[in-house]
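Notes follow once the structure below has been shown.
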There are 2 protein chains.
Amino acid sequence: MSETTKALRSDAERTVRAILEAAERVLSRNPSASMEQIAEAAGVARTTVHRRFASRDALVAAMTAWATRRFAEAVDAAHPETTPPVVALYQVTANVLRVKIDWGFAMSRAVSADPEAAKVHADAEARCDRLFRRAQAAGVLRADVDPSWARRVYYALIHESAQSRDGDPDALAARLVDTLLRGVGPGPGLTAAG
Amino acid sequence: MSETTKALRSDAERTVRAILEAAERVLSRNPSASMEQIAEAAGVARTTVHRRFASRDALVAAMTAWATRRFAEAVDAAHPETTPPVVALYQVTANVLRVKIDWGFAMSRAVSADPEAAKVHADAEARCDRLFRRAQAAGVLRADVDPSWARRVYYALIHESAQSRDGDPDALAARLVDTLLRGVGPGPGLTAAG
DNA sequence: CGAACTTGCATCAACCATGTTGCAAGTCTT
DNA sequence: AAGACTTGCAACATGGTTGATGCAAGTTCG
């Protein structure tokens, strides 16, 4: 391919990114928004969107593919298998929050849509369970809690934290992990008064 | 109105209920499902749905109205202002879960749709905050947690519990409150190993 | 400048969901 | 059995969304 094509492609890629980001912005607020609304938010004509993405499904597929890649990177970067459980928990949380804040819609669709993305998420789920088992062995996680319930609570808190947006990802992660492990009741050292 | 009309109306109301329940079932799985799919799930023709509900919006409005009424009853029945905080928390949780398990979609739409329903939910939110303040005063809730964060966590756990459906509402409520107050980390009496 | 390419605009076809109506058949009550 | 009413079915109109296309204008690079 020529040098010209290369230069033009970088322009095209910029347009593609703009569309993907606009789609995330619009669809996270209204999942049934029209292509027209997405195009408007991206600052391009609707036909341009259709030229870049063959169909509506192709667009959301591209979104989930992009988000899934960033998600996988976020998990990997935290090295959840080799770091001490609590550290890993913080790192994974902060990293994933960074992605989820910007790509919440795409990530929510990733499980039920693309089988490729579903695989990544299933893998992440398995790694999460492994991490929780290590945490349990280290005494960070109570032994009598159902690990799958702990994971669901963890996911729910991530979702909630990503929605709230009050504070940077690191602060959100700190509050999240604190809440996950200690809850909102009186901490160790106090006797609960019922 | 005649006796005949009365008798027939009870038939009609049964149909209405069937449609409302089918709509909840279908829309909770796919919020953008067509009237056709809803009608099919209700076991009636699409025209019948349109005869009972002037428009799609009217249908979901009726759903939210119905769910909101049951939600208000659920909160009231727990007497959250007069019972000790922990007891009230259990009662409210169990009662609300009973409603939310069956009317999750309608309740999720209640906030942004009907202003009437929004008022009920805003009221419930205020009562929730009051309850948490009482809990804080009683030492059941840690003093250094942001009450609005505690409420958001509580809502998220309710959502998650309603989704999971493993166990009866009372058991779900017990697990939920336990997790909310203690988290999943080692309880009081143990020193956390980092 | 000229080539390659992209974009916006206008336009078109097709589809699907929504909402309406008329009519025949059915049910329930009296 | 008769009346009142509801339901299903078929048909229709409508609007909005999707997706495709041709063309003029613009940009970037050589």
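Quantities reported herein were computed from a predicted structural model and do not represent experimental measurements. All chains are named by letter (A, B, ...) in the order of the sequence lines, taking the proteins before the strands, and each is independently numbered beginning at 1.
Look at CG on B:Asp57: it is 13 Å from C1' on C:dA17, rounded to the nearest Å. For the pair B:Asn30 CG and C:dA17 C1', the computed distance is 13 Å after rounding to whole Å. Straight-line distance from the CD atom of B:Glu13 to the P atom of D:dC5: 16 Å, rounded to whole Å. Distance B:Met35 CE to D:dT14 P: 20 Å, rounded to the nearest Å. Between the CG atom of B:Leu59 and the C1' atom of C:dT18 there is a distance of 13 Å, given to the nearest Å. Counting to the nearest Å, the P atom of C:dC16 and the CD atom of B:Gln37 are 13 Å from each other. Between the CZ atom of B:Arg14 and the P atom of C:dT27 there is a distance of 14 Å, given to the nearest Å. The distance from atom CZ of B:Arg52 to atom P of C:dT18 is 19 Å, rounded to the nearest whole Å.
Between B:Thr15 and D:dT7, a side-chain N or O to OP1/OP2 separation shorter than 4.0 Å is present. Within the structure, a side-chain polar atom (N or O) of B:Thr48 is placed less than 4.0 Å from OP1 or OP2 of D:dG8. Here B:Arg46 does not reach the OP1 or OP2 of C:dT20: none of its side-chain N or O atoms lies under 4.0 Å away.
Counting non-hydrogen atoms under 4.0 angstrom, A:Thr47 reaches a base of the nucleic acid.
Although no hydrogens or angles enter the test, the distance criterion places a donor-acceptor pair under 3.5 Å between the side chain of B:Arg142 and the main chain of A:Gly183.
The listed nucleotides are D:dT7, C:dA17, D:dT18; the one nearest the side chain of A:His50 is D:dT18. When distances are taken from the side chain of A:Ala45 to each of C:dG8, D:dG19, D:dT17, the shortest belongs to C:dG8.
A 4.5 Å side-chain heavy-atom check between A:Met63 and A:Trp66 finds every atom pair outside the cut-off.
A salt bridge links B:Arg98 to B:Asp170: at least one charged side-chain nitrogen sits closer than 4.0 Å to a carboxylate oxygen.
Criterion: ILVMFWY side-chain heavy atoms under 4.5 Å apart, direct or through other members. Under it, A:Leu97 and A:Val111 are not part of a common hydrophobic cluster.
Counting atom types as modelled, B:Arg51 pairs no side-chain N or O with a base atom of C:dG19 as donor and acceptor under 3.5 Å. The base of D:dG19 does not come close enough to the side chain of A:Arg56 for any donor and acceptor atom to sit less than 3.5 Å apart.
By the 30° and 60° cut-offs, the orientation of the rings of A:Phe71 relative to A:His121 is parallel.
The residue among A:Val44 and B:Ala33 whose nearest nucleotide of DNA chain C is located toward the 5' end is A:Val44.
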